[in-house]
Amino acid sequence: MSDLKEPGFKTSEVLSTLAGVFEKMPEAEKKSQIKKTNGIFQLNVKNSEGKEAVWVIDLKKEGNVTKGPAKKPDVSISLSDDTFIGLADGKVNAQKAFMTGSLKVKGNVMLATKLDSVLKVS
């Protein structure tokens, strides 16, 4: 999953691991995860140098992670690399990050609340 890695982004390590989990997941479990989540997340992540990278977690059709923007994401989430790592580690509360402006959501806000459980899969 080296094609998901982006130099200077800690987020890429987490998403690369998540992609590996989806690849190894039994088909029935993957279908269950897709049915439970039913959405496409686009993550717009900005690192400390001000560079932005985009990843997509597709849990609507494919059950995979890709790099680059989605054609039609159900929800777009913009956040910093550090905020994403905090969410993945469970050290940052997504609702608090949203309320303080360090996490911005466009689209299906209720779907955005499912990102937490998606990240816990890895």
Side-chain angles (χ1 to χ4, degrees):
M1 300 301 347
S2 58
D3 57 332
L4 292 175
K5 297 215 172 140
E6 183 71 32
F9 287 85
K10 295 173 267 188
T11 296
S12 66
E13 296 293 326
V14 174
L15 292 175
S16 187
T17 301
L18 182 63
V21 169
F22 286 150
E23 272 184 17
K24 292 179 184 117
M25 194 178 271
E27 202 57 36
E29 193 178 333
K30 190 188 280 189
K31 283 182 179 167
S32 168
Q33 188 73 34
I34 288 170
K35 189 176 180 182
K36 197 167 43 173
T37 308
N38 190 30
I40 298 173
F41 301 86
Q42 179 170 303
L43 303 171
N44 306 308
V45 183
K46 198 173 266 191
N47 71 5
S48 57
E49 296 159 19
K51 292 181 186 163
E52 189 171 274
V54 179
W55 288 272
V56 173
I57 302 172
D58 179 343
L59 281 171
K60 192 173 205 168
K61 297 176 187 146
E62 305 294 323
N64 65 6
V65 181
T66 55
K67 199 163 107 179
K71 285 187 175 89
K72 288 177 95 179
D74 293 302
V75 64
S76 286
I77 301 170
S78 300
L79 68 173
S80 73
D81 200 26
D82 290 335
T83 301
F84 180 85
I85 293 301
L87 287 171
D89 291 344
K91 293 178 182 161
V92 171
N93 177 299
Q95 289 173 329
K96 194 172 180 182
F98 178 76
M99 294 301 189
T100 59
S102 55
L103 184 151
K104 293 181 174 67
V105 177
K106 280 186 189 160
N108 185 338
V109 178
M110 291 312 292
L111 180 62
T113 63
K114 294 183 180 181
L115 181 62
D116 201 27
S117 62
V118 170
L119 294 174
K120 285 185 177 133
V121 170
S122 67

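Throughout, numbering of the chain's residues begins at 1 and tracks the sequence. Heavy-atom basis, side chains included; hydrogens, waters and symmetry copies ignored.
- Cluster annotation: Leu103 is not connected to Val54 through the hydrophobic network of ILVMFWY side chains, with a link wherever side-chain heavy atoms come within less than 4.5 Å.
- Expressed to the nearest 0.5 Å, how far CD1 of Ile57 lies from CD of Gln42 amounts to 11.0 Å.
- Of the candidates Lys91, Lys10, Lys46, Lys10 is the only one forming a salt bridge (charged side-chain N to carboxylate O under 4.0 Å, His left out) with Asp82.
- Applying the side-chain contact (heavy atoms from CB on, under 4.5 Å) test between Val75 and each of Leu43, Leu115, Leu111, Thr113 identifies Leu111 as the sole match.
- Nearest heavy atoms, Leu4 versus Ser16: CD1-CA, 3.9 Å.
- To the nearest 0.5 Å, atoms CG (Asn93) and CE (Met99) are separated by 9.5 Å.
- Counting all heavy atoms, side chain and backbone alike, Val121 lies closest to Met25 at CG1-CE, 3.6 Å.
- Lys106 contributes no side-chain N or O that, together with a main-chain N or O of Ser78, makes up a donor-acceptor pair within less than 3.5 Å.
- Rounding to the nearest 0.5 Å gives a distance of 7.5 Å between NZ of Lys30 and CD of Glu23.
- Looking at Ser76 and Asn44, their side chains come closer than 4.5 Å, going by heavy atoms from C-beta outward.
- Put simply, the side chain of Lys51 reaches to within 4.5 Å of the side chain of Phe9, judged on heavy atoms.
- Atom CD of Glu52 has more than 12 neighbouring heavy atoms from other residues, nucleotides or ligands inside a 6.0 Å radius.
- Scanning both residues, Ala97 and Thr83, for their nearest heavy atoms gives CB-CG2, 4.3 Å.
- Residues Leu79 and Leu87 form a side-chain contact, since some pair of their non-hydrogen atoms from C-beta on lies under 4.5 Å apart.
- Residues Leu59 and Gln33 are in side-chain contact: their nearest non-hydrogen atoms beyond the backbone lie under 4.5 Å apart.
- Remark: side-chain polar atoms of Ser32 are not paired, donor with acceptor, to backbone N or O of Ala28 under 3.5 angstrom.
- None of Leu15, Asn47, Ile77, Asp89 except one satisfies the side-chain contact (heavy atoms from CB on, under 4.5 Å) rule with Phe84; the exception is Leu15.
- With a 4.5 Å cut-off on side-chain heavy atoms, Asp58 and Ile34 do not count as touching.
- Side-chain atoms of Val118 and Leu18, non-hydrogen and from C-beta on, do get closer than 4.5 Å to each other.
- Going from atom NZ of Lys114 over to atom CZ of Phe41 covers 7.5 Å, rounded to the nearest 0.5 Å.
- Under the 4.5 Å side-chain heavy-atom criterion for ILVMFWY residues, a single connected hydrophobic cluster contains both Val14 and Phe22.
- Although no hydrogens or angles enter the test, the distance criterion places no donor-acceptor pair under 3.5 Å between the side chain of Glu6 and the main chain of Ser12.
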